[in-house]
Trainee: 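Dropping a structure here in structure tokens format, bear with me for questions.
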Amino acid sequence: MMMERWIWIGILAAIGGILLRMMFRPPEASHHDLFSVEFDEERLASYSGEMGKSLLSIEGKRKYILPTEFDSWTKVTLFEYGLIFYRNRKEEKVFFHEVEELSPVLMNSLFVKWSYLAYRFRCKDGRSIMLKSNEMPDLDLLLERLITLSLVKPGKAEFSNRL
């Protein structure tokens, strides 16, 4: 009985030590530029039903993601008419005509110094997909490439350097 109590106290002390260490010396978030994108519905009307050719593919920092992490992705591929998100041998296709809103979100965490950036792809069917900058180091490159597509309304890709 006494030994079991000491084991539990040791486990709790170890967890407390790890949490205190991460609070006082957290990993640093990188600085990113924010974009807000609105797609041109008239240009998307010429959509043919295929993804088109692959324009860019970015890899995440981790190769395997736990099944409980719903907003984490290992790879994202940009095509002419959509995106494919990969996670543990599963893929989720999102066509640009399905996207209702693409907006930046500032994420705060106890374990990351400063805020980090995420982008929310909100679809018309109710799905919401988040891409986080602390997991995807080349997220800015993906968004810059997305803005250069002819499917984005001219003047509707707002750029601000807030981080």
Side-chain angles (χ1 to χ4, degrees), residues 18-19 21-23 25-41 43-44 46-153 156-163:
I18 291 170
L19 291 176
R21 180 178 171 264
M22 291 196 70
M23 280 178 44
R25 292 189 343 188
E28 293 184 4
S30 55
H31 296 278
H32 292 276
D33 299 324
L34 301 179
F35 296 98
S36 179
V37 177
E38 186 177 328
F39 293 103
D40 193 355
E41 296 294 329
R43 293 180 182 165
L44 285 174
S46 66
Y47 164 69
S48 64
E50 297 178 3
M51 287 294 239
K53 67 178 183 174
S54 175
L55 301 175
L56 179 68
S57 183
I58 62 170
E59 297 278 335
K61 289 182 180 179
R62 300 183 334 190
K63 296 298 176 198
Y64 185 76
I65 297 194
L66 296 174
T68 57
E69 297 176 293
F70 299 111
D71 288 334
S72 297
W73 305 96
T74 55
K75 182 180 175 184
V76 178
T77 305
L78 174 68
F79 290 90
E80 288 176 319
Y81 292 103
L83 291 160
I84 297 181
F85 301 92
Y86 297 95
R87 172 189 15 216
N88 300 344
R89 297 187 197 119
K90 294 178 184 172
E91 61 183 42
E92 186 163 344
K93 294 182 181 181
V94 174
F95 294 98
F96 292 136
H97 72 275
E98 298 173 350
V99 176
E100 181 178 17
E101 178 186 19
L102 172 58
S103 59
V105 178
L106 283 174
M107 306 291 285
N108 294 316
S109 174
L110 287 175
F111 304 115
V112 177
K113 190 184 274 186
W114 302 309
S115 299
Y116 63 92
L117 180 66
Y119 280 95
R120 176 180 291 133
F121 290 84
R122 190 172 296 142
C123 298
K124 293 176 183 172
D125 61 357
R127 289 182 298 167
S128 182
I129 297 172
M130 296 275 283
L131 282 179
K132 299 175 185 172
S133 65
N134 65 338
E135 297 171 357
M136 295 280 179
D138 295 330
L139 188 59
D140 281 341
L141 181 63
L142 177 78
L143 266 294
E144 287 174 8
R145 196 67 185 262
L146 178 65
I147 286 174
T148 60
L149 287 175
S150 61
L151 302 172
V152 176
K153 281 187 181 178
K156 290 296 182 177
E158 299 171 7
F159 170 73
S160 61
N161 195 353
R162 285 189 251 165
L163 285 180

Trainee: Verify, without hydrogens or angle tests, whether W73 (side chain) and M130 (backbone) share a donor-acceptor contact under 3.5 angstrom.
Mentor: yes

Trainee: Can you name the nearest heavy-atom pair linking S57 to K75, along with the distance?
Mentor: OG-CE, 2.9 Å

Trainee: Using side chain to side chain donor-acceptor pair (under 3.5 Å) as the criterion, list what pairs up with E98, not counting sequence neighbours.
Mentor: R127

Trainee: So, taking the atom named OG1 in T77 and the one named CD1 in I84, what distance separates them when rounded to the nearest 0.5 Å?
Mentor: 6.0 Å

Trainee: Are any of the side-chain heavy atoms of M136 and L142 separated by less than 4.5 Å?
Mentor: no

Trainee: Apply the test side-chain contact (heavy atoms from CB on, under 4.5 Å) to residues K93 and E91: give CA-CA distance (whole Å), side-chain angles for both, the deciding distance (0.1 Å), then the verdict.
Mentor: CA-CA 7 Å; K93 294 182 181 181; E91 61 183 42; 3.5 Å; yes

Trainee: Supply the atom-to-atom distance E59 CD to D138 CG, rounded to the nearest 0.5 angstrom.
Mentor: 9.5 Å

Trainee: For the pair F85 and F121, name the ring-plane relationship: parallel under 30°, tilted 30 to 60°, perpendicular over 60°.
Mentor: perpendicular

Trainee: Could I get the full list of salt bridge (charged side-chain N to carboxylate O under 4.0 Å, His left out) partners for K124, not counting sequence neighbours?
Mentor: E41

Trainee: With sequence neighbours left out, what residues match S72 under side chain to side chain donor-acceptor pair (under 3.5 Å)?
Mentor: E135

Trainee: Once rounded to the nearest 0.5 Å, what's the spacing between atom CG of L131 and atom CG of L139?
Mentor: 5.5 Å

Trainee: Quick one: CG on L55 to OH on Y81, what's the gap to the nearest 0.5 Å?
Mentor: 10.5 Å

Trainee: Set out, in order, the CA-CA distance, both residues' side-chain angles and the distance that settles side-chain contact (heavy atoms from CB on, under 4.5 Å) for L83 and F96, then state yes or no.
Mentor: CA-CA 8 Å; L83 291 160; F96 292 136; 4.0 Å; yes

